[in-house]
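To keep things clear, I will list the structure first and then write my remarks on it.
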There are 2 protein chains.
Amino acid sequence: MSSKINLQQLDTFLSVVRCGGIGKAAEQLNLTQPAITTRIRNLEYSISATLFERTSRGLKLTKRGEVLLSYAEKFLHLAELVERDVVDHQAVERRLRLGVSETIAQSWLPAFVEKLNQKFPKLTVEIKVDISVELRNSLLDREIDLAILLGPISEYSVDNVALPEFELAWFASTSFSVEEAKQLKCPIASYARNTRPYRELKAALFEKVGPETVIFPSSSLSACFRLVEAGLCVAALPKALAKDYFERGSIREFDPGWTPSPLQFTASYLGDPKSYLIETAANIAHDVSMAQMT
Amino acid sequence: MSSKINLQQLDTFLSVVRCGGIGKAAEQLNLTQPAITTRIRNLEYSISATLFERTSRGLKLTKRGEVLLSYAEKFLHLAELVERDVVDHQAVERRLRLGVSETIAQSWLPAFVEKLNQKFPKLTVEIKVDISVELRNSLLDREIDLAILLGPISEYSVDNVALPEFELAWFASTSFSVEEAKQLKCPIASYARNTRPYRELKAALFEKVGPETVIFPSSSLSACFRLVEAGLCVAALPKALAKDYFERGSIREFDPGWTPSPLQFTASYLGDPKSYLIETAANIAHDVSMAQMT
DNA sequence: AGAGGTTACGGGCAGCGTAAGGATC
DNA sequence: GATCCTTACGCTGCCCGTAACCTCT
């Protein structure tokens, strides 16, 4: 009796094909190279045929390998459906490594996590707040499962769910007159360096105000608001985050004649391997943000 | 991370459902009851839900179990397709336990085994020759994989492939005159007791010749022909088997006005679990017999 | 008591990681 | 030598079988 194939072997096989090598697959699966070699060899043994031609630089699928590939995809798709329809998400403990931009952390992240915990009560959510470019790298390195950032990420491997835009507006301390503020002559607080809003703001200020404009980039948006409140800076920041400060009466909105374009966020995740949890989380992010932003 | 499901668990699950109990499934899979219990419990653990309600007499599927059942069937169907399209049958060693009636053993069995070995070079064929009723029991007890017998077997679990009929004819020693033979007054050699041809012959002789007819049932058809050759008996036997004896000139055909109806053989096998090998073997039996019987 | 399933526990083996070994550029 | 993959080998943990146990009729 020939030993039967199993899902782990097929999953491994798919990883090797998609990663284009055993070493890469081992990395992706958090295993060693020999472990992957063994799995593939066992799979080949159990079908009594080779799946790869071992060339000098890496592997190449055989015809049989191509055929098995299509079946392996069907198997894992089916496994994903079982995950969706049969597994009890109320009971199973899992982990979601979530990366979010500061803006999100300051607005609808709590509502998102609450909804997530409602749908997956045993889910552990690990949150990392960072600038979009770092989140992007973390996602591609598989250090996080889902990134909510200034997107989309235009890699073929990434799926992006568009989220509602954040409109920006100019804010200044109420100690300034509107006319004073409009000059944009005091320092401008802004998003951190290496972020899209920062670069766009810097370019626009250079063009519309002049090269001598001073920008204070900050990795913390609440710090920006504090700087504005204190009358040290003015800033173009998301309207959605200004509510508390308005209520305190410490800042006001003003219009110097232009504002940076709205912030387009996406919930982005790797398409392979397909995960119902991550996909659902991205959709929940969409639903929650839509509800919160109206 | 919840441990993943695997194909073995799903296969076991299917067996339990189809056998209607853990004990029966254990028997079918040649394992012990606790092993099956463990597999099912692990499967339940990995989906974090129960699949069966444990009642006093046996198990009953839960709603989740019903859903998983349909997926499990899809999984194993897919596995069967892989078996068909990916596994190298030229290389894999397998075993086919074949049960055949004497008539088949004497006619196209060699051609069948040759063709089988041509298509599956590494296949071990175990041959058991017995009367149809015993082959039927062996098949249902899973002691053989494929039975070629007087069919069909009308159990819901059995698939039957119809094979060409064996026409019967009356034979007598050339030492008898045709007129002598037609009386059917000497003993009649026939198939073994408990076979369909025996019962039919006995009933027909009772009606057409009388209750005093003597029948010599034999489990060996070649023994029947020898008895006929020796002038001790006449017999209604398959035309297809008479060729050698004709050529020797030791027997002749005669027609007492009626002959038993032709022998209808089938290649029969259990539908569960689906097996490409067995299914293909049955079809090869069909092809070979069609070719040989023309 | 017997027919069903479950729990307890020891042993064998599959499969992992570490480390060393090719092969090819 | 660098980059891949494979081989060798010890070890851990999974899963099976034996045996005892439970629970209903």
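Computed from a predicted model, the values in this text were never measured in an experiment. First the proteins, then the strands, lettered A, B, ... as listed; each starts at 1.
Per the geometry, CD1 belonging to B:Ile22 stands 11 Å off P belonging to C:dT7, to the nearest Å. Between the C1' atom of D:dC14 and the CD atom of B:Gln8 lies a distance of 11 Å, rounded to the nearest Å. B:Glu27 has its CD atom 10 Å from the P atom of C:dG4, to the nearest Å. One atom, NZ of B:Lys24, and another, P of C:dG4, lie 6 Å apart when rounded to the nearest Å. Between the CD atom of A:Glu53 and the C1' atom of C:dT24 there is a distance of 17 Å, rounded to whole Å. Nucleotide C:dA19 holds its P atom 15 Å from the CD atom of A:Gln33, rounded to whole Å. Atoms CG (B:Asn6) and P (D:dC14) sit 13 Å apart, rounded to a whole Å. Between the CG atom of A:Asn30 and the P atom of C:dC16 there is a distance of 13 Å, given to the nearest Å.
When each of A:Glu279, A:Glu73, A:His77 is tested with A:Lys274 by the rule side chain to side chain donor-acceptor pair (under 3.5 Å), just one qualifies, namely A:Glu279.
Distance from the side chain of B:Leu59 is smallest for C:dG5 among the nucleotides C:dG5, C:dT7, D:dT6. Of the candidate nucleotides C:dG5, C:dC16, D:dG17, D:dG17 has the atom lying nearest to any side-chain atom of B:Ala35. Distance from the side chain of A:Pro34 is smallest to C:dA19 among D:dC5, C:dA19, C:dT6.
Judged purely by distance below 3.5 Å, without hydrogens or angles, the side chains of A:Thr103 and A:Ser101 never pair a donor atom with an acceptor atom. A donor-acceptor contact closer than 3.5 angstrom is absent between the side chains of B:Thr280 and B:Lys119.
Residue B:Asn42 places none of its side-chain N or O atoms closer than 4.0 Å to OP1 or OP2 of D:dC14. Contact between the side-chain N/O atoms of A:Thr37 and the OP1/OP2 oxygens of D:dT6 is found at a separation under 4.0 Å. Regarding contacts with the backbone of C:dT7, a side-chain N or O of B:Arg41 is found under 4.0 angstrom from either OP1 or OP2. A sub-4.0 Å separation between OP1 or OP2 of D:dT6 and a side-chain N or O of A:Arg54 is present. In this model, the phosphate group of D:dC14 is not approached by any side-chain N or O of B:Arg39 to a distance below 4.0 Å at OP1 or OP2.
At a threshold of 4.0 angstrom between heavy atoms, the contacts of B:Ile36 with the nucleic acid are absent.
The aromatic rings of A:His89 and A:Tyr276 are tilted relative to each other, their planes meeting at an angle between 30° and 60°.
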Exercise for the section: Give the C-alpha distance, both sets of side-chain angles, the deciding distance and a yes or no for salt bridge (charged side-chain N to carboxylate O under 4.0 Å, His left out) between A:Arg142 and A:Glu27. Expected result: CA-CA 10 Å; A:Arg142 296 182 182 275; A:Glu27 197 177 331; over 6 Å; no

